[in-house]
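Structure, as structure tokens:
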Amino acid sequence: MSMEQVSRRNFLKTAGLGSAGFFLGLYLPDAAMAMVMTEGEAVAADVYTELTAWILINPAGQVTLVSHRAEMGQGVYHSIAQIIAEELEVDLEKVNIQFAQGNEKKYGSQLTGGSSTIRGAYKNLLKLSASAREVLIQAAGAKWSVPVAECYALDGHVIHRPTGRKYHYGELVTEAAKLQPPKEVMLKPRSAYKLIGKPLHRKDTPLKTNGGAVFGIDKRIPGMVFAAVERNPRLRGKVKSFDDTAARKIPGVTNVVKIAMGVYDMEREGIAVIATSTWAALQGKKALRVEWDDSGFEHVNTADIYKKQREILTSEEGRILKTQGNPNGIVAGAKKVLDVIYETPYQSHCAMEPLNCIGHHRGDTVEIWGPVQAPNWIQDYISKKMGIAFDKVIVNMTFLGGGFGRKALMDYPHEALVISKAIGLPVQVIWTREDDATQGPFRPGISYRCQGVIENNTVSAIKFRMAGQNNDHFRSGDNGKANRSTSEGWLKPYFDTIKNISFSDVLFQTPIPTMFWRSVYASTNGFAYESFVNELAHQAEKDPLEFRRAYLKEDRAAKLIDKIEAVSGWKKRGKNSGFGIAITECFGTTVAQVVKVSKKKGEALKIDKVWAVVDCGWYVNPDIIHAQIEGAIVMGLGAATIHQITFKDGLVEQHNFYDYKMPRMTDIPAIEVHIMENDADAGGIGEPGLPPFAPALTEAIFDLTGKRIRKLPFDLASI
């Protein structure tokens with residue numbers, strides 16, 4: 001076969017080298033016919049045999065591991081490789097890592113969200129890499145004509161124990177790819193791990209410090225032009241008219257077109273300025289004159305949103321998500337009811353890398369390159385929206401400079417393809433910070449009504465009602481059911497000890513687009529529900545930590561409480577400091593946090609320290625866990641005390657970091673993270689560290705000052 005007859009991509013798609021390819025039980029790629037190359041041709045082409053969808057090995061023995069999920073700072077680029085390298089028996093320092101294209105037939109869901117990558121894939125990754133190791137050992141045994149039991153794998157080689165002979169994996173992979181993988185494979189016990197569980201330095205850190213990492217905003221392809229879009233500042237508005245005379249005079253501006261990008265099942269209209277550089281496109285955008293038609297829908301104001309939420313919380317029971325016992329009857333008949341409302345604000349995702357995407361519409365095929373969290377969602381959305389076959393929507397992932405849920409939406413890839421189709425060229429669309437801050441979607445602002453009855457210093461009943469936008473309604477409409485995340489963040493063991501309890505969702509809708517935000521509804525639920533637990537504890541005249549111990553009797557929860565009590569010095573806390581505790585669960589991981597605060601006369605209140613104890617079950621890299629918990633606490637600090645999104649006449653009032661401020665280094669307290677050790681299944685880690693911070697902080701402030709805070713954000717300087 002001549003080298004001109006096969007591309008690297010096509011070879012990788014079919015290089016199982018058997019009649020139907022070899023993928024260790026995974027779905028086969030579309031092209032199933034094998035292309036066989038000589039070893040010399042393969043070396044010259046630098047091609048890799050695909051031993052599994054995650055493992056590529058070339059004839060020289062170079063191993064490339066595939067990351068099927070997006071890397072946006074949370075560490076999966078490294079963690080996936082750390083898992084595979086463990087059972088494959090390769091040196092992690094010597095392997096390459098590359099991002100997968102969107103391909104759900106090979107990889108299943110590639111949505112990076114819900115802290116799901118490790119907890120959803122680690123068992124399969126361990127089995128697949130162990131199976132790959134075993135067929136390499138079988139191939140070596142066959143070449144030596146020795147029993148497989150005499151062979152073992154180490155550092156990318158198979159070694160014959162009696163003689164010391166060895167082959168590197170590249171010398172075995174062609175034959176290994178023809179073998180049937182074992183149906184059952186023995187995995188290492190955790191005690192035998194060399195890589196997993198160790199605080200290894202991340203493989204992406206050098207790339208992000210030496211400029212080698214390619215983020216979406218860095219990506220370039222041949223023939224690409226640049227675009228900036230002036231979008232309607234209100235989602236449902238239309239372009240009434242526009243004047244592009246001044247914009248077309250900007251040097252480098254080549255075209256101006258009216259477009260509409262899909263936002264869920266709606267469309268946001270705008271004017272795209274096309275240019276030979278990002279700078280020219282942005283200057284052309286500034287020179288546009290656009291008149292908008294914003295009639296026919298509500299122009300909301302922040303004060304009106306929360307007034308309406310309070311009204312419906314006091315007048316409506318809402319849609320029940322979960323209930324047990326008779327909470328309504330007990331609350332209605334009680335002589336004394338703790339009845340309070342908590343408020344949480346709208347928030348921007350504000351990722352450090354603003355939105356961007358390259359799109360190339362080629363007719364019956366489209367391709368994008370960029371920082372995306374959900375390749376499969378994009379393929380599905382573009383396929384339906386633009387009438388393109390699903391497998392003709394090609395999605396290439398780059399590094400993401402933060403995502404937090406925003407980059408799982410399909411609007412900005414669709415916008416790039418709409419522009420590319422209009423101009424017949426590949427185009428990179430760049431959003432400014434102001435675009436990102438004002439366009440949304442946002443974390444929904446939510447109000448909660450919490451009612452509880454304490455009798456004989458014991459909880460008799462709890463009723464939780466939330467009023468806030470349901471993210472699902474933007475994606476698929478109102479199904480008449482309660483928000484499925486109404487109880488998110490609440491610990492399940494409470495249901496075993498509190499016999500009368502209910503969660504309900506009071507329907508609330510506005511034109512404001514909303515979306516997942518780090519830890520999703522747990523970030524707001526956690527503040528309300530855990531703050532209310534603290535208030536119940538005080539009404540019952542109980543220590544907040546001991547109060548939780550009485551109601552969280554499940555073994556893992558009890559051990560978590562013991563640990564947070566010990567590391568924080570809870571029993572030794574002094575009178576001149578305030579201590580607060582909160583415990584939340586989301587995405588399979590429970591996190592307890594204790595916050596310590598103090599205040600000197602004439603000075604602002606100071607957050608002295610945060611202790612966090614994490615029970616995420618099986619885990620890969622403790623350093624990554626520490627970093628994620630620390631980052632989540634910092635993000636939670638900003639959301640609780642510094643920034644929020646507000647609306648006036650339907651327009652966002654914040655635009656950039658000057659009015660949507662971030663925590664500074666001087667704002668960050670000391671943070672101490674501890675990881676529980678157990679044999680439980682893996683939980684998520686990217687998000688669960690955020691929800692407990694705000695309720696622990698406000699409880700600490702109450703402990704020190706007696707002031708109860710039920711509305712976020714609040715100014716620490718005002719305490």
Between Y381 and H414, what is the ring plane arrangement, given parallel below 30°, perpendicular above 60°, and tilted in between?
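Rings of Y381 and H414: perpendicular, as their planes differ by over 60°.
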Please work out whether the ring planes of F464 and F503 are parallel, tilted or perpendicular, with thresholds of 30° and 60°.
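F464 vs F503 ring planes: tilted.
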Side chain of Q373, backbone of K407: donor and acceptor closer than 3.5 Å?
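Here the side-chain-to-backbone pair exists.
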Do NZ/NE/NH1/NH2 and the carboxylate oxygens of [X] and [Y] come within less than 4.0 Å?
| X | Y | value |
| --- | --- | --- |
| D649 | R234 | yes |
| D472 | R475 | yes |
| D435 | R231 | yes |
| E343 | R710 | no |
| K308 | D304 | no |
| K463 | E317 | yes |

F647: ring-ring contact (aromatic ring centres under 6.0 Å, His included) partners, not counting sequence neighbours
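By the ring-ring contact (aromatic ring centres under 6.0 Å, His included) rule, F647 matches Y346, F442.
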F242: ring-ring contact (aromatic ring centres under 6.0 Å, His included) partners, not counting sequence neighbours
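So F242 forms no ring-ring contact (aromatic ring centres under 6.0 Å, His included) with any residue.
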Kindly compute the distance separating CD (Q428) from OG1 (T278), expressed to the nearest 0.5 Å.
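The OG1 atom of T278 is 5.5 Å from CD of Q428, to the nearest 0.5 Å.
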Quick one: pull up CG in D478 and CD in Q509 and give me the separation to the nearest 0.5 Å.
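Between atom CG of D478 and atom CD of Q509 there are 5.5 Å.
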W431 six-ring face occupied by R406 cation (under 6.0 Å, within 45°):
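Yes, a cation-pi geometry holds between R406 and W431.
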Which heavy atom in T254 sits nearest to a heavy atom in T276, and how many Å separate them?
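For T254 versus T276, the nearest heavy atoms are CG2-CG2, 4.1 Å.
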Answer yes if the ring centres of W279 and F226 are under 6.0 angstrom apart, and no otherwise.
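When the ring centroids of W279 and F226 are compared, they turn out to be at least 6.0 Å apart.
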Centroid-centroid distance, Y77 to F399, less than 6.0 Å:
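Yes, the ring centres sit under 6.0 Å apart.
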Between Q347 and Y660, does any side-chain donor sit less than 3.5 Å from a side-chain acceptor?
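Yes - a donor-acceptor pair under 3.5 Å links their side chains.
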Set of residues satisfying side-chain hydrogen bond (donor to acceptor under 3.5 Å, both in side chains) with respect to Y342, sequence neighbours excluded
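In terms of side-chain hydrogen bond (donor to acceptor under 3.5 Å, both in side chains), with neighbours along the sequence ignored, Y342 is linked to E535.
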